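Count residues from 1 along the sequence. Worth saying up front: this structure is predicted, and the values here are computed from it rather than measured.
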Amino acid sequence: MRIDAKMMAKLSLIFFGLLFLVCLWLGREQKKKEPPAGEKILVQDVRILLDALGTEVILEEETGSYLTYAQYIQIYEKLDGQALGISDYAGQYASEHAFLKKDWYEAYKVLLAHLDKESSIWETTVFVLKINPETKEAYTESGAMQGAYQYCSAAFEENAFEEMRVYVKGDKLLTIVEVLPEEHYLGNVWVMEVTDDMLSCFYHQTTFQVQAPQEHLKNLEREQIADLTFQDGGIKAVKARGEKIHGKLLRVTQDEIEIEGQGVYQMAEDMEIYKLYGSMETLRRRDLKIGYADTDFVVDKDRICACLVSREEQADIIRVLLKNTAANSNYHEAVDIRVDGEHVRIEADDMKVGERRIYQSENLTDKVLVDMAGSDRENNAYRGAIECYRLKEGIALINELSLEEYLYAVVPSEMPASYPPEALKAQAVCARTYGYRYILHAGLPQLGAHVDDTTAYQVYHNIAENVATTTAVKETDGILLLYQGEPAQNYYYSTSCGAGTDAGVWKGAAETDTSYMYAGRVSGEKTDVTGEELCQEEIFRGFISKAHEEDLEKDEPWYRWTYTVENLREDTIYSRLKERYQAAPESVLTKKEGDYYVSEPIEAFGEIRELTVAKRGTGGVAEELFIKTDQSTIKVISEYNIRYVLCDGLSSVVRQDNSSTVPGTLLPSGFFVLDVGKKGDNVVGYTLTGGGYGHGVGMSQNGAKALGKQNVSYEQILALFYPGCTLADAAIENGQ
């Protein structure tokens, strides 16, 4: 059969068309098999992240193997990725292709949104200073995590001195999302040693070593402050800071440091504080010791960029702010001073702002007489030095003296000198420990004082020195009460009701663990009811409504008392609620629909429908008070606020010896039961049946008195009220 030219042309076109389609299909197949370019994700890291989510996906893994697309689809199907809205990346991968890191983390974000209901896994940025493969710890410096943290992914071991985005769960670093290319700056690093091209450094509680090019180390010496800039896992730049000044630290504010003989300096925003003796530490501003010269200050451009605490001085000098009690102020307009036969009157207008004048007798045993306008202090003769410091508000008056001499005027002001010697010794140890804590961490650093002379700290110079109390101080010379090697927060109060409570009454106000303080029955023998059982209303009502022979303070006037408000004044309670809301808004709450409470301004009300103690703490102390009005229901939290709100300033407290007094702003204690008088639906009055005087935390002073009368030693008294503590000499604590 002959094929003409036209037929031949048609067949040729068909052939070449089919050939083109085959080639096109083969080309597409070839293209499809090319793996996508980019960083791959390890199976190990995927398993870490899935385990953190609590999934039951099981992936086969070879060491160092990458996640394949087939494994990704396995995860996708197991977790119902289509329903969750996760991309299946169809057409982008062959089943055997390694899966890209960026695609995995896009999918993981969706998984987190749906499966991590408690938001326990989160992303942050960290800079890794050091890796310890043996303990699997990464020492991080930036972001929300600073310090040593366990890591899960082996990738962390390859990325020291890198800034990176990571996933975190709890206190564990899970995986590295991305290593960032940006520079990372560490300001004011303590360089301990420079050897060849290696720097040994300390920063944020971490010792680390890093290599640095020689050209960056030309002006750098050992034991010096320097700024380090990192990039790509190494040092990019080093700047040494060399100028130092030294002197007694007089004052620390939010922005300034004043150094005796040097002047006032601004603090750099990234100022660091290093303790260089003993075990090296990074300190906080509150750790700088006011009144001491134990620190070198590194200065750059007239700013202090680092503080080097280079030695441990004995903490035996205390600086006490003498308040203007007449005006309830820290400042005086004028003061009269007599010393060594000379008299000088100092008025604020006579001094320049920032000026200091110091007055002290040439004789060690003579005192400085200080007259302050409106002062009700019993004694105006002060040991040590009196410093007048002029601020724009007026004169700050500071008494600097030894800690032991300070106690001569504290102990009689805090405990009657007529108390048994062992009770006075226990008080002396408590007062010394209290003062010592504030020498280490000044309470008024902005004024250059450790404490003031009022009940805000310890009462000082309210009562004249007494031979009995001075003897107690001398016979316990230097003895401190310690908890886990640190000065204890040893609270004390006047009188218990037969039970004490714990620091929980202040709802988080205590800065450190105070579980070492006794909370329970304050009695001379074993009792049938415990401090925890007294949390129950009926048990506490039975307890507080009578005296108990075994209680140490059963004969004290404040052991039991009653307080009756015959005519309740709603406007007084409303006013006091507003005052406490302004002072502590988190402790005065208003009920909303749905049975929850919020902190919001108190609405005016006309009538009170109910008054109820709704919750008690250890020992039975009132912790929550409900006030139901014709407008709202209000919850008052903490014993102090409750004592304030229920005190009308007019009614009398009648003690168990039938003596009475009118408390001005605060009820004697929070250990009471509440009974209301009603007229119709409204509360028209109430009676409190209570006991004790003070907050009830720590040592009962009258409990110590009773024990002292029984010839119990001060060591045993302190062991009862602070059972988790030990006694030690302050000189030993200071390495003397």
Leu129 vs Leu186 side-chain heavy atoms within contact, under 4.5 Å: yes
Value rounded to 0.5 Å, distance of CG in Leu42 from OG1 in Thr175: 10.5 Å
Inter-residue atom distance Cys305.SG - Met267.CE, 0.5 Å rounding: 12.5 Å
Atom NZ of Lys169: over 12 foreign heavy atoms under 6.0 Å: yes
Side chain to side chain contact (heavy atoms under 4.5 Å, CB included) between Glu223 and Trp190, intermediate numbers included: CA-CA 7 Å; Glu223 296 191 339; Trp190 177 242; 3.6 Å; yes
Glu96/Thr68 under side chain to side chain donor-acceptor pair (under 3.5 Å): CA gap, chis, key distance, verdict: CA-CA 6 Å; Glu96 71 276 9; Thr68 65; over 6 Å; no
Arg165 side chain to Leu180 backbone, donor-acceptor under 3.5 Å: no
Close side-chain approach of Val128 and Tyr151, heavy atoms under 4.5 Å: no
Distance-minimising heavy-atom pair for Glu272 and Gly187: CG-O, 3.9 Å
Contact check, side chains of Gln150 and Glu137, non-hydrogen atoms, under 4.5 Å: yes
Ring centres under 6.0 angstrom apart (Phe230, Phe127): yes
Residues Asp227, Tyr185; criterion side chain to side chain donor-acceptor pair (under 3.5 Å); working and verdict: CA-CA 7 Å; Asp227 299 338; Tyr185 168 82; 3.1 Å; yes
Selection residues 149-162 - residue pairs positive for salt bridge (charged side-chain N to carboxylate O under 4.0 Å, His left out), sequence neighbours left out: Lys136-Glu157
Candidate pair Arg251 and Glu256, rule salt bridge (charged side-chain N to carboxylate O under 4.0 Å, His left out), full reasoning: CA-CA 8 Å; Arg251 185 171 58 95; Glu256 296 177 341; 3.6 Å; yes
Backbone N/O of Glu269 and side chain of Arg303: donor-acceptor pair under 3.5 Å: no
Nearest heavy-atom neighbours spanning Val299 and Tyr265: CG1-CE2, 4.1 Å
Heavy-atom closest contact (Cys201 atom, Val189 atom, distance): CB-CG1, 3.7 Å
Thr55 side chain to Leu50 backbone, donor-acceptor under 3.5 Å: yes
is_close_aromatic(Tyr457, Tyr438), centroid dist under 6.0 Å: yes
Side chains of Asp300 and Val298 in contact at under 4.5 Å (non-hydrogen atoms): no
Salt bridge present between Asp296 and Lys244 (N-O < 4.0 angstrom): no
Derivation and outcome, side chain to side chain contact (heavy atoms under 4.5 Å, CB included), residues Ile225 and Leu308: CA-CA 9 Å; Ile225 291 293; Leu308 308 177; 4.0 Å; yes
Whether Lys101 side chain and Tyr105 backbone form a donor-acceptor pair below 3.5 Å: no
Gap between atom OG of Ser279 and atom CD of Gln205 - 0.5 Å precision: 8.5 Å
Test item: Tyr108 side-chain N/O and Leu49 main-chain N/O as donor-acceptor pair under 3.5 Å: yes
More than 12 heavy atoms of other groups within 6.0 Å of Gln82 CD: no
Test applied, side chain to side chain contact (heavy atoms under 4.5 Å, CB included); reference residue, Phe208; option that passes from Tyr203, Tyr139, Phe202: Tyr203
CD1 on Ile257 to CD1 on Ile290, rounded to 0.5 Å: 8.5 Å
Side chain proximity check, Leu288 to Pro445, heavy atoms < 4.5 angstrom: no
Lys635 and Ile637, any side-chain heavy atoms less than 4.5 Å apart: yes
Asp287 side-chain N/O to Arg284 backbone N/O, donor-acceptor pair under 3.5 Å: yes
Non-hydrogen side-chain atoms of Leu67 and Asp45 separated by less than 4.5 Å: no
Any donor-acceptor pair under 3.5 Å from Asn188 side chain to Ala306 backbone: no
Side-chain donor or acceptor of Thr530 paired with backbone N/O of Glu533 under 3.5 Å: yes
Note: Glu183-Lys236 ion pair, threshold 4.0 Å (strictly below): yes
Which atom of Ser87 lies closest to which atom of Tyr72, heavy atoms considered: O-OH, 2.6 Å
Shortest non-hydrogen separation from Tyr89 to Asp103 and the atoms involved: OH-O, 3.1 Å
Inter-residue atom distance Leu59.CG - Gln74.CD, 0.5 Å rounding: 5.5 Å
CG on Leu84 to CG on Leu115, rounded to 0.5 Å: 6.0 Å
Side-chain donor/acceptor of Arg285 to backbone N/O of Gln254, under 3.5 Å: yes
Evaluation steps, side chain to side chain contact (heavy atoms under 4.5 Å, CB included), between Met699 and Tyr722: CA-CA 8 Å; Met699 184 180 75; Tyr722 309 98; 3.2 Å; yes
Lys289 vs Leu440, side chain to side chain contact (heavy atoms under 4.5 Å, CB included): CA-CA, chis, key distance, verdict: CA-CA 6 Å; Lys289 284 202 292 191; Leu440 299 183; 4.1 Å; yes
Output field: ring centroids Tyr93/Phe99 closer than 6.0 Å: yes
N/O donor-acceptor pair under 3.5 Å between Gln224 side chain and Val191 backbone: no
Closest heavy-atom pair and its distance - Thr433, Ala488: CG2-O, 3.5 Å
Min side-chain heavy-atom separation Leu79-His114 under 4.5 Å: no
Exceeds 12 heavy-atom contacts within 6.0 angstrom, atom CD of Glu215: yes
